[in-house]
2 protein chains.
Amino acid sequence: MHDHSALLEKMRAHAPDEGNILSLAGLFKVFGDPTRVRILYALSAGEMCVCAIGEYLEMDQSAVSHQLKVLKQHRLVKNRREGKTIYYSLADRHVFSIITQGWEHVTEETENEAAE
Amino acid sequence: MHDHSALLEKMRAHAPDEGNILSLAGLFKVFGDPTRVRILYALSAGEMCVCAIGEYLEMDQSAVSHQLKVLKQHRLVKNRREGKTIYYSLADRHVFSIITQGWEHVTEETENEAAE
DNA sequence: CATTCATATGAATGATTGTTCATATTATAT
DNA sequence: ATATAATATGAACAATCATTCATATGAATG
């Protein structure tokens, strides 16, 4: 192994906080599932109740609830109750801007998606 | 289950392409691992060779190579050879702006991270 | 050309995770 | 109170995935 002591010295000087790294990876992991992305997309059109989401995405209610819980834990969605039904909606503006940012990367270059 | 036919009708009208959903989730999944985030952060300071990354992150060379391969497949990093060593760097401007976007969400609200 | 250095790759493994099934809440209505 | 509708939760299972170990490539050097 060749020498990098100088470089490493410099890098360790302004290393990012480990807690933030974990939070950040945790956040992106939530976006890293097709089902959750579909849910977020659906909610970008406006609030929806749980069973409407399930019907739209053709998945059963339990699976939807489980994923909504994950999304809520990371504050990507919020909900309100109206009688028996609970309506979910996007939590804040960040949520869709993160998706939009990723979208640009994905749609920008479409050649050899899984190449190499 | 109550009725949503009207809502669903409208939503299916402008549903996002399934292929794009999968690509997008795939992209975020790559960002959803602490090791890969650490690597991207490291590379944001400038290009580094594989063993420097490994030394910096205190993980062995093989693990680094495996993750670099994932990052490269998703065009988040690029590399160039110089003799025996191969230098990796961020692929384009998107990469860090995606991280920055996520960072804002993570650092904005720090109360009850894993609550509920 | 044999050796060494830097990196890549393949198989195996342990851990994580999305979905399903069954069951539990919570709220309305009769 | 019972029944029903809407949602949530817990356990179990299958699939995915990050890491490790061993080995392979590819380039320089003696």
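Residue numbers start from 1 in every chain, and the chains themselves are labelled A, B, ... in the order their sequence lines are given, proteins ahead of strands. Just so it is clear, the structure is predicted and the values come from calculations on it, not from any experiment.
Here D/dT16 presents its C1' atom at 12 Å from NZ of A/Lys29, a figure rounded to the nearest Å. Distance CG (B/Asp33) to P (C/dT17): 11 Å, rounded to an integer number of Å. Summarising the geometry, the separation between CG on B/Leu68 and C1' on C/dT9 is reported as 13 Å, rounded to the nearest angstrom. Remark: P of D/dT7 and CD of A/Glu47 are 12 Å apart, rounded to the nearest angstrom. Atom NZ in B/Lys84 sits about 16 Å away from atom C1' in C/dA8, given to the nearest Å. Protein atom CG of B/Asp60 is 13 Å distant from nucleotide atom C1' of C/dA8, rounded to whole Å. One can place CG of B/Asn79 at 11 Å from C1' of C/dA8, the figure rounded to the nearest angstrom. Rounded to an integer number of Å, the gap from CZ of B/Arg36 to P of D/dT16 is 15 Å.
Note on ring orientation: taking the six-membered ring where Trp is involved, the planes of B/Phe96 and B/Tyr41 are perpendicular (angle over 60°, cut-offs 30° and 60°).
No hydrogens or angles were tested; on distance alone, a donor-acceptor pair under 3.5 Å links the side chain of A/Gln61 to the base of D/dA8. No hydrogens or angles were tested; on distance alone, nothing pairs the side chain of A/His66 with the base of D/dT7 as donor and acceptor under 3.5 Å.
For B/Thr85, whose side chain is taken as the heavy atoms from C-beta onward, the closest listed nucleotide among D/dT7, C/dA6, C/dT9 is C/dA6. Checked against C/dT7, D/dT19, C/dT17, the side chain of B/Val50 finds its nearest nucleotide in C/dT7. Comparing C/dT9, C/dT7, C/dT26 by their closest approach to the side chain of A/Arg81 singles out C/dT26.
Residue B/Tyr88 places at least one side-chain N or O closer than 4.0 Å to OP1 or OP2 of C/dA8. The side chain of B/His2 places an N or O atom within less than 4.0 Å of a non-bridging phosphate oxygen (OP1 or OP2) of D/dA6. A close approach under 4.0 Å does not occur between any side-chain nitrogen or oxygen of A/Ser62 and OP1 or OP2 of D/dT9.
Using a 3.5 Å distance cut-off with no hydrogens or angles, the side chains of B/Asp3 and B/Ser5 do pair a donor with an acceptor. B/Gln61 and B/Ser65 share a donor-acceptor pair across their side chains, judged by distance under 3.5 Å alone.
The partner of D/dA14 is C/dT17, by the rule that a Watson-Crick or G-U pair needs both atom distances under 3.5 Å.
Remark on DNA chain C: of its neighbouring residues A/Val70 and A/Gly83, the 5'-side contact belongs to A/Val70, judged by nearest-heavy-atom nucleotide. When each of B/Ala63 and A/Glu82 is assigned the nucleotide of DNA chain C with its nearest heavy atom, B/Ala63 is the one assigned upstream, toward the 5' end.
Of the possible donor and acceptor atoms, none in the side chain of A/Arg36 sits under 3.5 Å from a partner among the backbone N and O of A/Phe31.
Placement of B/Phe28 and A/Leu22 in two distinct hydrophobic clusters is found when ILVMFWY residues are connected by side-chain heavy-atom separations under 4.5 Å, directly or transitively.
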